[in-house]
Structures are given as C-alpha cells and as structure tokens.
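Only this structure's heavy atoms are used, side chains among them; waters, hydrogens and symmetry mates stay out. Throughout, protein chains are lettered first and strands after them, A, B, ... in sequence-line order, and every chain is numbered starting at 1.
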Number of protein chains: 2
Amino acid sequence: MTVADLIARDVRAGTFAPGTWLKQIDLEHRYRFGRPDVRRALDYLAQKRLVQHVPNRGYHVVLPDSDQTAHILELRVILETAAVDSIVAHATPEAIRGIEALARKFDELILHGTVLEQYEANLAFHHELLSLCSNPELLTLVTDLRSRTSSALAGQWSTRARVEQSSREHHQMIKALDARDAQQLKDIITRHIRQPKER
Amino acid sequence: MTVADLIARDVRAGTFAPGTWLKQIDLEHRYRFGRPDVRRALDYLAQKRLVQHVPNRGYHVVLPDSDQTAHILELRVILETAAVDSIVAHATPEAIRGIEALARKFDELILHGTVLEQYEANLAFHHELLSLCSNPELLTLVTDLRSRTSSALAGQWSTRARVEQSSREHHQMIKALDARDAQQLKDIITRHIRQPKER
DNA sequence: TCCGCCAAAATTGGTACCAATATCATGCAT
DNA sequence: ATGCATGATATTGGTACCAATTTTGGCGGA
C-alpha cells in the first residue's frame, strides 16, 4: 500500500482532522517512508483535493466546504443516474447476486464493524454496482468524486439510523435492478446520494 | 506559467508525439527548470493521464485509445447536457454577448490562426458557456476531461470542414441559448461533442 | 499587563551527489 | 552471418545536505 493511501485512510478515519497540518517529518516517521515518497504522496493528494498545499507552509487537510460538497454530490447524481440504463442492460443474475452479497456484508458491519469498515463496505457495494456500466471511465470518475466528499464522513455517517437507512436503500436498489426498473433505480440512487435530512 | 503547462502545451501542439519518452534532462534544459520541478510536473501530468509513468523507465506521452476517448466523450455529453438547464436559467443578455464574442474570436482564428490557437479559442468558448452553470465543480470537471481527449487533437481538428462545422454549431448553441430552448441546446451540444463522422 | 520586536528553532523546498536499473553497442561463440 | 552474452553508457530515482522562509518563545518597552 502506498503512502498516499495510508494518509488518505488516516484522513478518513479522522486521525488527521480537517485543517491539520501534515508535517513531512511526522509522516516520514509514522509510515517509515523516505522524504521524497512523502512529498509525492502529498502532491498526489493535493491534486486529488484531499489536502491543500500552501507554499512555504506545507500541506493541511482540507476543510469541508458545504457548498462544494453539495455540488459534488449533484455531480454524482448526474453521473450515477446516467449510468443506470447501461447497468440495467448488463445486470446478469450472477452480477446481481454479487452485489447482493456486498450489500449483506455492509449490513453485517453495521453491527460489528468500525465506521471505516462500514465506509469501505459501502464503497465496495457501489463500486460493484457501477462496474456493470459499459463506461469504465464513469466508474473511475465517480470513485474519484466520492473520495473528495468522504472527509465529511463523520457528519454523514454519524447516526445509526442513517447507516440503516443506507442499508435499506441498497436493498431497494437491488430490487429495482432485479425488476429491470431503470427509473425506479434512478430515483433511489438520487435519494441515496442526496441523503435528504429527515423531516 | 508552470512546467506542467509548458509540457502540456507542447504535447497538444504535437512537439511531443504520443509515445515519446520525456527525458527529465531534456525537459530541464528545454524549459530551464530544476530537476524537482520537472519531476513534479511529470507526476502531475501522469495523474492527469496526459503522460504515463513506467518505473525505472520514465514518462512517455500517452497513446490515444479510441475506446477510452469515446468513453470520455460520453461523460462529457452526460455532464454538459446536464448543465444546460442551469445554464439557460442563468443566461443574462450580457453573458450571451460575452459568449458570442468568443465564438467570433474562434471564427477569426479559423482563417488566420494556428491549430493550437483554434483549440484554445474553442476551449475559451466552452469554458465561458459552462461557467453559467450554477455548479462550478462541473466546470472544472469537464475542463479536466477535455484535457484528456485533446491529445487526439490532430485527428479531430484535421480538416477545415470540421472546424467550420464546429463554428456553425457554436452559433447554433448561442441561438438556442438566446431562445431559452434547453432541449435544442442539449441536442446541439451532444452532436458537437460526438462529432459524428460525415456520411 | 499587554503589545510589538527580535532571536532561536523548526519546517519546507531546492541542490548536488550517488546508487540502481535499463538501454545500447561491441565482441564472442555457434 | 546471426544470436547471445557482456560491458559501457545513459537515465531514473533515492539520499544527504543546505538555504530560505515561517513559526515560536522570550525579552523589552509602553
């Protein structure tokens, strides 16, 4: 696993809170990598907009911007609903079963997993679903976008109720996919991404 | 202007043909920058998928993959048509006039400009049009995607006829925008991006 | 007591150098 | 003559070091 992945994971897990300055020396000792590796990783993450670079100051974890995350979520709605027709067209019974397995994996982790594990299981579910789309670039693009909103992980996934709601929506997606109901699937995905605040 | 921009420009201009190995020493001398700057630029461009990194071999300009570019073009169709409703809603008369000016600028360069100038004028036109969308992230995302397909610049922009067709479509877009005809604008944009091969 | 200035420590970012690896050319054996 | 091994060369990539900038702590003055 690369340095960038390790840092990204720690950012998501909350080890490095938003706004924290990531000092190269600390990262060097923490992950036992050389200075150039650390700097490349920070540049990489800066380009991915997970950290921000300030010349002669260093790199710090980005502060979540609610407007910006809202815009990114809208992009995901656009892209993931656009993928639905192709997904439905390529949804073989085996593929659906594979997705269902990942949904159940997510369900299990609601009770006995850490927030990070839940997050990654959720990622795996959506990744598998989107991989049915005939456009592989869409998958990588959405994956990229998702990685930019997850720093607001604590906010979105805080409550048990919200996670259980996600689980229900996963199974609703599978049901709609099984029924080849594209419009229904689009609606669920839209709700799932937007995560409307309850009442 | 940064090293990455300079390299990117030379790649688009065809100075560095697809497949060419970009040697750090050469770039260092060509642009009069230090080694670390060159390496950062190459890493940056590799992340942007303009060049490819092979460990212990170096960086080479990506070879255009027709399937991949087709997929990226489809993503642009999805995103740019999705932006239309918002664009139409925010199209003030002044904004339309600004876009029209850029379209005319493009027209002029058809006759008296280099291919690179035409390319950049085209970019400016689309950038201005998309900037009307209420979602700024969409603009940056499409700009990013566009930068990945332009290495196939020679292929797409080769003929005078194709460039003039683009010009006509620009003005059709403005007309549809002026008429507040969102569906019409979407159709034109879709054709414009897909650039169907003439019979 | 609080504010501003100055020095010291720490961190970033760049330069030079060196090791590791790949490519190329030459020579040898078949 | 051709294929292969071997050594020379060039390029990449990492290590160590140093300069430049920023931050921190302390001191003096208002």
So, applying salt bridge (charged side-chain N to carboxylate O under 4.0 Å, His left out) with [X], which one of [options] is it?
X        : options                      : answer
A/Glu169 : A/Arg162, A/Arg194, A/Lys175 : A/Arg162
A/Glu28  : A/Arg35, A/Arg39, A/Lys23    : A/Arg35
B/Glu120 : B/Arg9, B/Arg146, B/Lys105   : B/Arg9

How close or far is atom [atom2] of [N] from atom [atom1] of [X], stated in whole angstroms?
X       : N      : atom1 : atom2 : answer
B/Asp43 : D/dG14 : CG    : P     : 10 Å
A/Phe33 : D/dT15 : CZ    : P     : 11 Å
B/Arg35 : C/dC17 : CZ    : P     : 13 Å
B/Leu42 : D/dT12 : CG    : C1'   : 11 Å
A/Gln52 : C/dT12 : CD    : P     : 16 Å

Pairwise N/O distances under 3.5 Å, protein to nucleotides 19-23 of chain D:
unit_1 : atom_1 : unit_2  : atom_2 : d
D/dT23 : OP1    : A/Arg57 : NE     : 2.5
D/dT23 : OP1    : A/Arg57 : NH1    : 2.9
D/dT23 : OP1    : A/Arg57 : NH2    : 3.3

OP1 or OP2 of C/dG14 sitting under 4.0 Å from any side-chain N/O of B/Arg40? yes

Taking 4.0 Å as the cut-off, does a side-chain nitrogen or oxygen of B/His53 come that near to OP1 or OP2 on D/dT12? no

[X] to [Y] - nearest heavy-atom pair and separation:
X        : Y        : answer
A/His112 : A/Glu117 : O-OE1, 4.4 Å
B/Met173 : B/Ile188 : CG-CG2, 3.6 Å
B/Val61  : B/Ala17  : CB-O, 3.6 Å

DNA chain D-proximal residues of residues 19-32 of chain B, any heavy atom under 4.0 Å: B/Leu22, B/Lys23, B/Gln24, B/Ile25

Is it true that B/Asp187 and B/Gln183 share a donor-acceptor pair across their side chains at a distance under 3.5 Å? yes

Could you check B/His171, B/His192, B/His170 and say which one makes a ring pair (Phe, Tyr, Trp, His ring centres under 6.0 Å) with B/Phe125? B/His170

